[in-house]
Structure formats: structure tokens, C-alpha cells
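Reading through the C-alpha cells given below for one structure.
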There are 2 protein chains.
Amino acid sequence: MKTNTKDIFIDTASSLFANQGYHATGISEILKKSNAPKGSLYYYFPQGKEQLAQEALQKTAEKISTEILDVLAKASTPLEGLQQHLIYIAQKIEKDLFQPNVSISLIALETFSSNEIIRLECERTFQQIQNIYKNSFLKMDLHEEYANFLAMTMVMLTEGAITLSLTKKNTQPLHQLANNLPLLINFNNLLGENYAK
Amino acid sequence: MKTNTKDIFIDTASSLFANQGYHATGISEILKKSNAPKGSLYYYFPQGKEQLAQEALQKTAEKISTEILDVLAKASTPLEGLQQHLIYIAQKIEKDLFQPNVSISLIALETFSSNEIIRLECERTFQQIQNIYKNSFLKMDLHEEYANFLAMTMVMLTEGAITLSLTKKNTQPLHQLANNLPLLINFNNLLGENYAK
DNA sequence: GTCTATAAGCAGATAGAC
DNA sequence: GTCTATCTGCTTATAGAC
């Protein structure tokens with residue numbers, strides 16, 4: 001039997017943790033926004049805040065992965081898909097008034113040295129996203145190592161662009177990156193073809 | 001008259017905030033590592049934690065800027081300088097056992113929506129770093145807008161590579177980016193020459 | 001300028017009634 | 001399964017002695 005009180009907790013926590021961070025988000029705030037009492041939270045998540053954060057992070061990771069796969073599936077080329085994804089993120093940031101749920105960098109940087117469970121979850125998520133990018137590049141008949149490097153580059157660029165856009169309270173970095181992405185990710189690059197010569 | 005108790009506070013706070021984050025770092029931890037009593041902290045920083053964080057961030061920003069300028073000055077080309085800087089960051093991370101002081105992304109993401117003073121300081125810092133990159137690119141006779149885009153790209157890539165390396169507890173992303181940077185930042189790129197055609 | 005004792009409030013977590 | 005009252009410890013900050 002599936003209750004959905006638990007899902008409400010996860011959704012609320014997912015959003016709050018991603019936008020404010022793990023330490024800045026209190027259990028009380030999650031309870032208030034979930035319209036639920038404290039007891040039921042500890043019923044569903046006996047290990048408390050850490051367990052809730054872990055499950056919330058998995059949910060965020062799933063959502064991000066799905067969004068990327070969707071946009072790549074609709075696009076006519078991987079490059080266009082990546083550009084559209086960056087614009088999608090920018091629109092989401094604007095629409096949600098800079099409270100989106102598009103990045104796990106904050107949680108990753110907050111916990112990498114203090115919480116091994118959550119750190120591993122973040123590492124897994126980054127790898128999962130990178131693999132999605134890599135698979136799309138492989139369809140372009142790129143050398144595997146080169147595809148992998150470009151995929152890692154896309155993860156770095158996307159996370160960096162989100163960080164800059166949020167800090168500036170302006171989505172210009174995301175838009176500019178989307179517009180000029182062909183200058184960076186150049187499939188006809190001779191250097192790239194000789195990548196692992 | 002210059003005491004240096006204040007400087008000790010700033011150095012300690014600078015390191016703790018950058019590595020653990022603003023909310024995870026308590027005043028008590030700063031006091032303990034500074035070997036100083038609580039009274040003197042509030043004597044030097046009457047506005048408490050927020051003021052200390054702001055001054056610590058300025059110190060971190062200064063240090064990062066100086067390091068980039070140094071490495072660029074010694075390198076024979078901007079591209080080599082950027083590669084060496086990435087390697088320098090990787091070495092610092094390894095040497096300091098993943099407790100370096102090389103990024104402001106964590107503080108930026110933690111505070112962009114909750115603390116306007118610190119957010120502005122972060123925005124200023126990102127812009128300052130981008131300007132250093134831009135000036136080095138301009139020496140290569142690039143179009144100004146293209147130089148500016150490449151500089152922004154370098155900020156994104158560097159912050160992204162640090163985030164990935166810390167999360168993985170492995171500096172491979174930083175090293176791989178350094179090795180393959182010429183594939184991305186390509187001054188002979190025809191597209192780049194036509195940037196703002 | 002330096003230091004300690006303490007305030008006031010909030011955090012995460014729990015016990016136990018219903 | 002749901003809810004509330006409460007515990008313990010930690011947080012930032014302050015008052016005031018020296």
C-alpha cells in the first residue's frame with residue numbers, strides 16, 4: 001500500500017535541499033511546507049535528516065536525468081539537444097524565481113568532506129548524467145575517450161553555468177553558453193579526431 | 001596599529017567557510033581553531049558571523065586572483081597558464097587532503113537566495129576572475145566579445161572541474177581538463193574569428 | 001582590548017498518547 | 001499510522017568583569 005505523505009516529504013525536501021542547501025534547511029521548515037507533523041517524518045525516515053536527504057537527492061537525480069533524456073530524444077542532433085537543455089534550465093530558473101531544482105553541486109560541495117553516504121550519491125548522480133551525454137555523443141561516431149571527455153566537459157559547463165547564473169541572478173551565462181556551445185563542442189575538430197592516437 | 005588576532009580569525013574562517021560551507025561552520029569551531037576567545041571575535045566583527053564571512057570571502061578572492069595572475073605571468077602563453085593553473089589547483093587539493101581553498105562556488109550557491117551581501121561579494125569575485133582571464137586572452141588579439149566568452153567558459157569549467165574532483169575525491173577531472181583544454185579553447189577556431197560577425 | 005559566563009532560541013531527535 | 005509535548009545539545013550573540 002502506497003501512502004503519499006512520504007512522497008510529499010521527499011518532494012518538499014528535494015526542492016529545499018537543492019536550493020538552500022543541506023545545512024540551511026531545517027526539519028521544521030520541511031514539516032511546515034509539507035503540512036505534516038514531526039512524528040510522521042521520523043516514522044518514514046527513521047534515520048532522520050540524513051536519510052531524507054539521501055532519498056530526496058535520488059529523486060532530484062532522477063528528475064534531472066529524465067529531463068536531459070527527454071530533450072535529447074526530441075532534438076535532431078546531440079548538440080542541439082544540449083543547447084536546448086541549457087535554455088530549458090534557464091527558463092526553469094526564471095519561472096521558479098531562482099528557486100529551481102536543476103543542480104546538485106550545492107549538496108555535493110556541502111557534504112563531500114563530511115557525509116560519505118550523500119557524497120557517494122552525488123558522485124553516482126554526476127556519473128549518471130555524464131553517461132547520458134556520453135551515449136548521445138557516441139551516436140555521432142566519436143572516439144569513445146573523446147566522447148567521454150566531452151561528456152565530462154558538459155557536466156562541468158552546465159554546473160558552472162548554473163552557479164554563475166544563480167549568483168548573478170541573471171540567466172545570461174546559461175544563454176550565452178547555449179548560443180556559443182558549437183564553438184566549444186566541435187565534432188569536426190581535427191584535434192578531437194586524433195584524440196587518443 | 002595592526003593586531004593580527006583579526007587576521008587569524010579571517011584566515012581560519014576563510015578556510016572553514018570555503019571547505020565546509022557557511023552554515024556548516026560554527027562560530028565555536030572558528031574560535032577553537034583560532035585559539036581565541038569569543039569576546040574578541042565580536043570585538044573585531046561586531047556584526048558577527050555575516051561580517052566575518054564577508055571579510056573571509058574577500059581574502060579568499062584575493063588569494064585566488066593572485067594565484068591566477070602569478071601562474072599566467074610565468075607561462076609562455078595564456079593557454080599554458082590556464083593549464084598550469086588547473087594542475088596547480090589539483091596539486092593543492094591533493095596536498096591539503098581535499099581541504100583546499102580554491103573555489104567560492106559553495107558559498108555562492110549557499111547564499112545567493114538568502115544573503116544579498118555575501119551574494120554580491122561572490123558575484124564580484126567571479127567577475128574579477130573572469131576579467132583576469134579575459135585580459136590574458138586579449139593579448140592573443142582575440143575579438144573582445146570572444147575573449148569575454150572564453151573567459152566566462154574558463155570560470156565555468158574551473159568551478160565545475162573542482163566540484164567534480166572534490167565530489168569524486170579524485171583530481172582526475174581537473175587533470176583531464178588541463179590535458180585536453182586545447183581541444184576546447186581553440187584560438188585558431190574559424191568560428192571564433194567570426195564570433196560577432 | 002581580552003576574556004568568561006550566560007542568555008535566548010533553534011536544531012535534530014524521541015517518547016508515548018491516540 | 002498520526003500527532004504532540006518534550007528532551008538535549010548546540011547555535012549566535014551579549015553583558016560585563018578585568
Side-chain angles (χ1 to χ4, degrees), chain A residues 1-59 106-107 110-111 113-119 121, chain B residues 1-57 106-107 110-111 113-119 121:
Chain A
M1 176 55 193
K2 174 105 176 253
T3 47
N4 78 347
T5 305
K6 187 176 181 180
D7 292 331
I8 294 173
F9 280 134
I10 290 179
D11 283 344
T12 309
S14 176
S15 165
L16 287 174
F17 283 142
N19 290 311
Q20 307 180 339
Y22 180 77
H23 292 101
T25 302
I27 295 280
S28 58
E29 190 177 2
I30 295 170
L31 293 171
K32 210 163 146 190
K33 293 221 175 171
S34 301
N35 275 95
K38 190 169 263 189
S40 63
L41 192 149
Y42 282 94
Y43 171 78
Y44 289 114
F45 307 95
Q47 275 125 322
K49 189 181 184 179
E50 187 180 15
Q51 187 187 355
L52 176 55
Q54 198 189 349
E55 300 198 25
L57 189 56
Q58 284 169 355
K59 172 98 183 198
L106 172 52
I107 304 294
E110 261 189 309
T111 60
S113 65
S114 60
N115 189 317
E116 189 65 6
I117 291 176
I118 298 184
R119 195 215 113 223
E121 199 62 48
Chain B
M1 177 54 193
K2 173 105 176 249
T3 48
N4 81 345
T5 304
K6 186 175 180 180
D7 292 330
I8 293 173
F9 280 134
I10 290 180
D11 282 345
T12 309
S14 176
S15 165
L16 288 173
F17 284 141
N19 290 311
Q20 308 181 337
Y22 180 77
H23 292 102
T25 302
I27 294 281
S28 58
E29 191 178 1
I30 295 169
L31 292 171
K32 210 163 147 190
K33 293 221 174 170
S34 301
N35 274 96
K38 187 168 266 189
S40 64
L41 191 148
Y42 282 93
Y43 171 77
Y44 289 114
F45 307 94
Q47 276 125 321
K49 189 180 184 179
E50 186 180 15
Q51 186 186 356
L52 175 56
Q54 198 188 350
E55 299 197 25
L57 188 57
L106 172 52
I107 304 294
E110 263 190 307
T111 59
S113 65
S114 60
N115 189 318
E116 188 65 6
I117 290 176
I118 299 185
R119 195 215 113 223
E121 199 63 47

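Just so we're on the same page: letters track the sequence lines, and every chain starts at 1. This one's a predicted model, so the numbers in the text were calculated from it and none came from an experiment.
For B/Tyr42 and C/dA7, the OH to C1' distance is 13 Å, given to the nearest whole Å. Between the CG atom of B/Leu52 and the C1' atom of D/dA13 there is a distance of 14 Å, rounded to whole Å. Put simply, CZ on B/Phe9 is 13 Å from P on D/dT12, counting in whole angstrom units. For the pair A/Tyr22 OH and C/dA11 C1', the interatomic distance rounds to 12 Å; values are reported in whole Å. When rounded to the nearest whole Å, the span between CD1 of A/Ile27 and C1' of C/dA11 equals 9 Å. In this entry the distance linking CD1 of B/Ile30 with P of D/dA13 reads 11 Å, nearest Å. Here D/dA13 presents its P atom at 12 Å from CG of B/Leu31, a figure rounded to the nearest Å. In this structure, B/Tyr44 places its OH atom 19 Å from P of D/dA13, rounding to the nearest Å.
Here the closest non-hydrogen pair linking B/Leu106 and B/Gln20 is CD2-C, 3.6 Å.
Of the candidate nucleotides C/dG12, D/dT2, C/dT2, C/dT2 has the atom nearest to the side chain of B/Thr5. When distances are taken from the side chain of B/Ser40 to each of C/dG12, C/dT2, D/dG1, the shortest belongs to C/dT2.
Residue A/Gly48 is in sugar-phosphate contact alone, with no base atom involved, counting any heavy-atom pair closer than 4.0 Å across all strands shown.
Rounded to the nearest 0.5 Å, atoms CD1 (A/Ile118) and CD (A/Glu50) are 5.5 Å apart.
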Item to check | Residues A/Phe9, A/Glu55; criterion side-chain contact (heavy atoms from CB on, under 4.5 Å); working and verdict | outcome: CA-CA 10 Å; A/Phe9 280 134; A/Glu55 300 198 25; over 6 Å; no
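The residue among A/Lys38 and A/Tyr43 whose nearest nucleotide of DNA chain D lies closer to the 5′ end is A/Tyr43.
In summary, A/Glu29 and A/Lys32 do not engage in a salt bridge, as defined by a charged side-chain N under 4.0 Å from a carboxylate O.
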